[in-house]
There are 2 protein chains.
Amino acid sequence: MTTDTPLKKARDLSKAQSRARLIDAAATSIHRHGLRGATIGEIQAISNLSRGMINLHFKSKENLLLAVAEHLANAYDAHMEQAINAAGSDPKAQLLALFRADLDPNILNSRDVSIWFSFRAEGHTNPQFQTCIGTRSGHFARLLKGICKALTPIPHHPVNAPALAASALVSLLEGIWTDFHLNPDNFNREEALQTCLYVADRLFADQLQGQ
Amino acid sequence: MTTDTPLKKARDLSKAQSRARLIDAAATSIHRHGLRGATIGEIQAISNLSRGMINLHFKSKENLLLAVAEHLANAYDAHMEQAINAAGSDPKAQLLALFRADLDPNILNSRDVSIWFSFRAEGHTNPQFQTCIGTRSGHFARLLKGICKALTPIPHHPVNAPALAASALVSLLEGIWTDFHLNPDNFNREEALQTCLYVADRLFADQLQGQ
DNA sequence: TCACAAAATGAACAAACGTTCAGTCAAAGT
DNA sequence: ACTTTGACTGAACGTTTGTTCATTTTGTGA
């Protein structure tokens, strides 16, 4: 969706469409039955495409799974980048935007989150999965640390207060994803946002009382 | 280990030992290759037991996997309960004990955590896994909420401050597990504890300034 | 309209899988 | 000492798995 290669012939379009359909079917299969149950037969049945298609488009089933992981990670990155860019330069607004984006139903939904967790479970087994699903700890963490620095008054107490706050917020969001994944029915999106805001509020209140 | 049925004959002992060895081998296999790679052949090779043992002891491979999940959940519960009981009745000490227990290498180690994540990934697929790995949200959350209530001065601002703090801390710990799982090499246990303590400190500082 | 190229198909295949069970062995009871 | 019991073994079986490839279908350029 982000890159529109022009002048596509009908055949190329249908090829890309089949590819996308396979990725989507594989994702659905992972969601329904886990990585263990995401078999060629399942994916074929969901996609209504022929059995040979997977190996034709992706050489192997494992490559298709990898493509699902990449697709998911790219969608997450794009979503977050867009949200941050739209937030302007005020760190408080950026933080709110980051919370909202991370809790957005387009990202935090039971289908996608369950797929995230499936890949994460095998991350240390498969290095290729690892690089895909590690997107959270890179750009995201750095950005959040910058925001925390801007929001923490100086002098800090303790001296590494911004770093502590940043890693706390990363973990908080990560944990909220886990709560959602383990119990999507009892999950309240608005409540989760309030929890984030409450923690942020407490973290970035005036810190000079102790010193 | 908790229930010692006495007067075990040698044959019963060896039976129990084989059972335990199968569970351990299955856990190792899940750790090494994920649930997908935890095959009968793998478990057999790791345990050095015969092929038929799994179905003899557990009727099916799936039951063995379930036994692994139960074993893990029981170990976690026992560990936490013992830690809380040893902490006395002071809520602040209880909170510290809870943090320490949740970050303890006996619980938070790359082997066990990776197995947790494997089962969690398929929790919504397999209801039997679900009940095992949902241990965190039951007793644990209730206990933490009690501690938060005791630590939050009244009147609260906002009124649900203890509930917010409790769910924040649950998610924080959950997220720290995730950080550990995704990147066990860059993980600093002491730093994680400091993050928890810092957040707790900020959460339970005097809250009356806003009202 | 025709010949070419590339996408799509699905029957066929070998490998790997979980499970079974007749047979073996050692411990327990008499 | 003998019999019985139950844990253990591992070859064999049927199923399911991912992959291949000869064939068919369909869009493209001459």
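Chain letters run A, B, ... following the sequence lines, proteins first, then strands; residues in each count from 1. What you see below is based on every heavy atom in this structure, not just the backbone, and it leaves out hydrogens, waters and symmetry mates. On a predicted model such as this, the values are computed, not experimentally measured, just so you know.
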Counterpart residues, side-chain hydrogen bond (donor to acceptor under 3.5 Å, both in side chains), relative to [X] (two or more places apart):
X	answer
Asp77(A)	Thr135(A)
Asn126(B)	none
His71(B)	none

message: I'd like the 5' and 3' limits of the part of DNA chain C contacted by chain B, with heavy-atom contacts below 4.0 Å.
response: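 Contact span on the strand: dC17(C) to dG29(C).
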Near-ring test Trp177(A)/Tyr76(A), centroid separation under 6.0 angstrom: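 Yes, the ring of Tyr76(A) comes within the 6.0 Å limit of the ring of Trp177(A), centre to centre.
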field: Pairwise side chain to side chain donor-acceptor pair (under 3.5 Å) hits with a residue in residues 181-193 of chain B, at least two apart
entry: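 Counting only pairs at least two positions apart or across chains, no side chain to side chain donor-acceptor pair (under 3.5 Å) contact touches residues 181-193 of chain B.
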message: For DNA chain D, which residues of residues 28-45 of chain A approach it to below 4.0 angstrom with any heavy atom?
response: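 Within residues 28-45 of chain A, the residues near DNA chain D are Thr39(A), Ile40(A).
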Within-4.5 Å side-chain heavy-atom neighbours: Phe180(B) and Leu103(B):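 They are not in side-chain contact.
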statement: Reading nucleotides 25-30 of chain D from 5' to 3' and marking B where a protein heavy atom lies under 4.0 Å of the base, S where only the sugar-phosphate is that close, and - otherwise, the string is -BBSS-
Name all residues meeting the salt bridge (Lys or Arg N to Asp or Glu O under 4.0 Å) criterion together with [X]; count only those two or more places apart in sequence or in a different chain, and write none if there are none.
X	value
Glu62(A)	Arg36(B)
Asp24(A)	Arg111(A)
Arg21(A)	none
Glu42(A)	none

task: Please test Leu35(A) against Leu35(B) for side chain to side chain contact (heavy atoms under 4.5 Å, CB included), starting from the C-alpha separation and ending with a verdict.
output: CA-CA 8 Å; Leu35(A) 275 175; Leu35(B) 275 175; over 6 Å; no
field: Check: Ala163(A) main-chain N/O paired with Asn160(A) side-chain donor or acceptor under 3.5 Å
entry: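 Absent.
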task: Mark yes when over 12 heavy atoms from residues, nucleotides or ligands other than Lys149(B) sit less than 6.0 Å from its NZ; otherwise mark no.
output: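 Count not over threshold, so no.
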For atom [atom1] of [X] and atom [atom2] of [N], their distance in whole Å:
X	N	atom1	atom2	answer
Arg19(B)	dA7(D)	CZ	P	13 Å
Ile54(A)	dG18(D)	CD1	P	8 Å
Met53(A)	dT19(D)	CE	P	16 Å

message: Contact list please: residues 55-68 of chain B against DNA chain C, heavy atoms, distance less than 4.0 Å, in numerical order.
response: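 Nucleic-acid contacts, sorted: Asn55(B), Ser60(B), Lys61(B).
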query: Where each residue is assigned the nucleotide of DNA chain D containing its nearest heavy atom, which of Gly52(A) and Gly52(B) is assigned the position nearer the 5′ end?
result: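 Closer to the 5' end of DNA chain D: Gly52(B).
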